[in-house]
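Have a look at the structure below before the remarks.
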Amino acid sequence: SFSTPIGAATTTSAVSGDKIILDNTDETDGALGAEAAIGYRYNKNTFVRFAYSYFDQMEFEGFATFGGNAFQQLMQVDAHALMDELGYDHPLGNRFFLEGAVGAGLAFVSTDARQGLNLAGNYNIFPGNTRTNPAFKVNLGLGYQLSENWGLMLGGDYTYLGRASSGRTG
């Protein structure tokens, strides 16, 4: 949905208060990212770390109808996160290990949005917006211990970055 008091009064799309509920939404865009972390190992298996994560730009879209025309709504989101993480390494033998971690911290989410991109060069730009949200993360990976202090990890994260929204119009 997007918030626009004037648009909510004139659309034929569903509304909730001053928010227009978009049709044909696509919220499936994911992102690749990168992370850098520094930490402390309490013992052979348990560790804490502080991590910075960068997420590639994500896009979400949907349509709102005005005067019989479907206007494409596009939101682009950039996000970064700072997290404290607690993890556990389970040895698998021959220097391999399974790692699991959970984290909590802050996400910094910036958005830009456009309306009417599907209408021959006649589109509007919504005000950008930046939010700071609580963020949470779950990590699972397979690692290889190169030496006492160094290892390689292949893993994946699910990270919740909170809400993203464009600035308000109207």
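Just so it is clear, the structure is predicted and the values come from calculations on it, not from any experiment.
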Would you find a donor on one side and an acceptor on the other, under 3.5 Å apart, between the side chain of [X] and the backbone of [Y]?
X	Y	result
Ser53	Glu35	no
Thr130	Ser110	no
Arg49	Glu85	no
Asn133	Leu161	yes
Gln76	Ala113	no
Asn45	Asp89	yes

For [X] and [Y], work out which heavy atoms get closest and say how close.
X	Y	result
Ala51	Ala37	CB-CB, 3.9 Å
Phe63	Ala70	CD2-CB, 4.1 Å
Tyr88	Phe47	N-CE2, 3.5 Å
Tyr144	Phe97	N-CE2, 3.5 Å
Ala81	Phe55	CB-CE1, 4.1 Å
Gly100	Leu140	CA-CD1, 4.4 Å

Let me confirm one number: the [atom1]-[atom2] distance from [X] to [Y], rounded to the nearest 0.5 Å.
X	Y	atom1	atom2	answer
His80	Thr132	NE2	OG1	11.5 Å
Leu92	Gln145	CG	CD	12.0 Å
Met75	Thr111	CE	OG1	5.0 Å
Arg131	Leu106	CZ	CG	13.0 Å
Met153	Leu98	CE	CG	8.5 Å
Asp78	Phe108	CG	CZ	14.0 Å

Does [X] reach the side chain of [Y], with side-chain heavy atoms less than 4.5 Å apart?
X	Y	result
Gln57	Glu59	yes
Val109	Val77	yes
Leu82	Phe50	yes
Met83	Thr159	yes

Crowding at CG, Asn43 (>12 non-hydrogen neighbours, <6.0 Å): yes
With a 6.0 Å cut-off (strictly less than), is the heavy-atom count around CG of Leu146, excluding the residue itself, greater than 12? yes
Verify the cluster assignment for Leu86 and Phe136: are they in a single hydrophobic cluster under the rule of side-chain heavy atoms below 4.5 Å apart? no
May I ask you to check whether Tyr160 and Tyr158 place their ring centres under 6.0 Å from each other? no
Could you walk me through whether Tyr42 and Val48 pass side chain to side chain contact (heavy atoms under 4.5 Å, CB included), step by step? CA-CA 8 Å; Tyr42 286 110; Val48 293; 3.4 Å; yes
